[in-house]
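Everything on this sheet refers to the single structure shown next.
Each chain gets a letter, A, B and so on, in the order its sequence line appears, and its residues count up from 1.
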Amino acid sequence: MRLSQYFLPVLKENPAEAQIASHRLMLRAGMIRQSSAGIYSWLPMGFKVLRKLENIVHEEQVRAGHIPMLMPTLQSADLWRESGRYEDYGKEMLRITDRHGRDMLYGPTNEELITDIFRNAVGSYKELPLTLYHIQWKFRDEVRPRFGVMRGREFLMKDGYNFDVTKEAALHAYNRHMVSYLRTYERMGLQAIPMRADTGPIGGDYSHEFLVLAETGESEVFYDRAVIDLKLGDREVDFSNVDECQDIFDEFTNPYARTDETHDEAAYNAVPEERRMSARGIEVGQIFYFGTKYSDALNAAVQTPDGKQVPVHMGSHGIGVSRLIGAIIEANHDDKGIIWPEGVTPFHVGIVNLKQGDSATDAACDQLYHGLVAQGLEPLYDDRDERAGTKFASMDLIGLPWRLTVGPRGLGNGVVELTNRRTGDSEEMSIEAAIDRVSQIYVGKT
RNA sequence: CGGGCUAUAGCGCAGUCUGGUAGCGCGUUCGUCUGGGGGACGAGAGGUCGCAGGUUCAAGUCCUGCUAGCCCGACCA
């Protein structure tokens with residue numbers, strides 16, 4: 001993409017309403033604009049990152065054997081009356097009346113709807129296990145939306161639901177989600193620590209939340225520093241293998257890690273003192289096993305081999321996709337702007353033309369640009385007629401992890417400059433070598 | 001939902017106390033010079049001062065009501 005033909009309205013100054021880094025930077029980098037309290041438009045740059053995260057979530061869900069679908073944002077109130085949550089959910093649920101006077105609502109989550117779909121289509125144990133998920137906009141009418149997309153009213157969430165005949169099978173689904181979520185966050189360049197959680201209004205017995213450590217996090221967390229060293233890495237996982245998933249679950253949940261909601265002073269004090277850590281964290285996902293809570297309420301049962309009807313065991317699992325962008329920026333920025341992890345960057349590399357209009361420099365930039373595109377990469381070429389400082393400042397702000405700087409001085413020696421946004425380290429090399437280097441960096445990361 | 005604050009050009013702000021031609025910086029448009037970290041000079045464009053009433057010869061400024069947004073607390077992907 002050529003910047004001169006893109007839509008990237010960057011702001012030089014901090015908007016007054018933005019208090020935390022991710023909110024400020026998303027506004028300044030032209031990713032979002034507020035439409036009303038807690039509701040945002042996603043401008044091209046923000047939309048691009050959102051789609052990248054969605055893709056990662058999809059890939060990892062499918063890898064774990066879960067099946068994508070799509071449910072509507074608007075739901076009928078009837079189902080929610082049936083589960084009893086129409087009253088329980090309170091004012092956070094946006095209620096709407098259609099022209100016929102029917103009560104509708106903008107879905108804050110989808111347990112009822114998915115269970116309804118399930119009960120109407122599945123009657124036999126033979127069709128289980130089954131895990132369905134979708135990525136859809138949700139609406140929760142927060143009393144006080146804040147921090148940009150971190151606590152919006154409208155937000156994009158991946159929510160999934162598993163249906164199993166037995167508790168054991170459902171707990172395997174729980175573990176499978178634990179593993180696939182860990183992988184998902186790692187691919188995004190995030191460390192999200194699973195912590196024992198409250199089950200909240202969704203209810204149930206087992207729940208873990210995934211927290212990204214950040215000073216601006218809304219939750220207070222306590223953990224054993226040993227969890228920081230845990231990495232799933234690129235190990236091959238067989239998601240159908242119960243023991244393997246259980247082992248990974250144990251590995252990641254054995255060290256003490258809890259939020260203030262479930263914090264247990266005695267257990268925490270059992271951790272060696274030098275490893276006891278407390279910090280703040282951003283919640284970027286949560287998994288639940290809630291047994292037959294919804295299948296009982298909504299009468300979702302399957303027939304077993306011996307002819308009995310049994311309510312299915314269920315769980316639900318969510319990742320706040322739009323919130324993740326905020327969390328990634330909170331964890332990856334400096335005073336100049338964002339620093340995207342390579343797995344989620346909106347463009348792979350920026351090209352800065354230091355002397356727009358100079359025929360040799362323009363030609364070198366074009367060569368780089370086309371060479372990178374030919375390698376399957378997406379460069380962002382700043383071809384505006386701006387001075388070097390302005391271009392550098394824009395690039396730093398939007399945070400592409402790599403920058404190629406092209407100017408007459410370097411070209412005189414036959415080189416361009418490749419700079420790492422995070423470290424600031426630069427290296428000079430020929431155009432061909434630069435194309436090759438950048439492609440190498442992104443092997444396995446696009 | 002309790003407490004505090006704000007609303008003036010695309011963004012950041014002054015002007016309101018003490019009513020009298022709506023301003024500054026950045027951005028933006030045109031031109032010239034410039035060209036390796038937000039450059040210089042010159043000339044422009046851009047505002048029903050959040051909305052509705054009221055007081056007054058006259059309201060951005062005073063009064064009343066409303067709306068929207070932000071911050072702190074109680075709640076949540």
- Item | Spacing between A:R387 atom CZ and B:C41 atom C1', to the nearest angstrom |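 After rounding, the reported distance stands at 13 Å.
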
- Message: Between C1' on B:A77 and CD on A:E54, what's the gap in Å once rounded to a whole number?
- Response: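 Those two atoms, CD and C1', are 15 Å apart.
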
- Query: So A:Y185 and A:F210, would you call those rings parallel, tilted or perpendicular, with 30° and 60° as cut-offs?
  - Reply: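 The rings of A:Y185 and A:F210 sit tilted, inter-plane angle from 30° to 60°.
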
- Which word best sums up how the rings of A:W80 and A:Y89 line up, parallel for under 30°, tilted for 30 to 60°, or perpendicular for over 60°?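 If you compare the ring of A:W80 with that of A:Y89, the planes turn out perpendicular.
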
With a 4.0 Å cut-off on heavy atoms, is [X] in touch with a base, just the backbone sugar-phosphate, or nothing at all?
X	value
A:A393	base
A:G326	nothing
A:R403	base

- Message: I'd like to know if the side chain of A:D362 and the backbone of A:G357 have a donor-acceptor N/O pair within less than 3.5 Å.
- Response: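 Flag set: sc A:D362 to bb A:G357 pair under 3.5 Å.
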
Pairing partner (Watson-Crick or G-U wobble, both distances under 3.5 angstrom) of [N]:
N	result
B:C49	none
B:A22	none
B:A14	none
B:C70	B:G4
B:C62	B:G54
B:C33	B:G39
B:U28	B:G44

- Task: For RNA chain B, find the residues of residues 4-23 of chain A with a heavy-atom distance under 4.0 Å and give them by number; none if there aren't any.
- Result: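 Of all residues in residues 4-23 of chain A, the ones placing a heavy atom under 4.0 Å from RNA chain B are A:K12, A:E13, A:N14, A:P15, A:A16, A:E17, A:Q19.
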
- Item | Residues touching RNA chain B, which here means a heavy atom under 4.0 Å, drawn from residues 409-416 of chain A |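 Heavy-atom cutoff 4.0 Å gives A:R409, A:G410.
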
- Does any non-hydrogen side-chain atom of A:I398 lie less than 4.5 Å from one of A:F347?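 A side-chain contact is absent here, since even the closest heavy-atom pair is not under 4.5 Å.
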
- Query: Quick one: is A:K91 getting a side-chain N or O under 4.0 Å of the B:C1 phosphate, OP1 or OP2?
  - Reply: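 Looking at the OP1 and OP2 atoms of B:C1, one of them is under 4.0 Å from a side-chain N or O of A:K91.
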
- Query: At under 4.0 Å, does any side-chain N or O of A:R144 touch on OP1 or OP2 of B:C72?
  - Reply: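 So the side-chain polar atoms of A:R144 do come within 4.0 Å of the phosphate oxygens OP1 or OP2 of B:C72, strictly under.
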
- Item | Donor-acceptor pair under 3.5 Å, A:E386 side chain vs B:G38 base |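 Answer no: no donor N or O sits under 3.5 Å from an acceptor.
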
- Pairwise C1' distance for B:U61 and B:A22, with rounding to whole Å: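 Approximately 12 Å lies between the C1' atom of B:U61 and that of B:A22.
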
- Message: Pick the closest RNA chain B nucleotide for A:V406 and for A:P145 by heavy atoms, then say which residue is nearer the 5' end.
- Response: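 Result of the comparison: A:V406.
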
- Task: Could you pick out which residue, A:L156 or A:A388, lies toward the 5' side of RNA chain B when each is mapped onto its nearest nucleotide?
- Result: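 Whichever sits nearer the 5' end wins; that is A:A388.
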
- Message: With the six-membered base ring of B:G36 as reference, does the ring of A:F392 sit under 5.5 Å away with planes under 30° apart?
- Response: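 The ring of A:F392 is not stacked on B:G36.
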
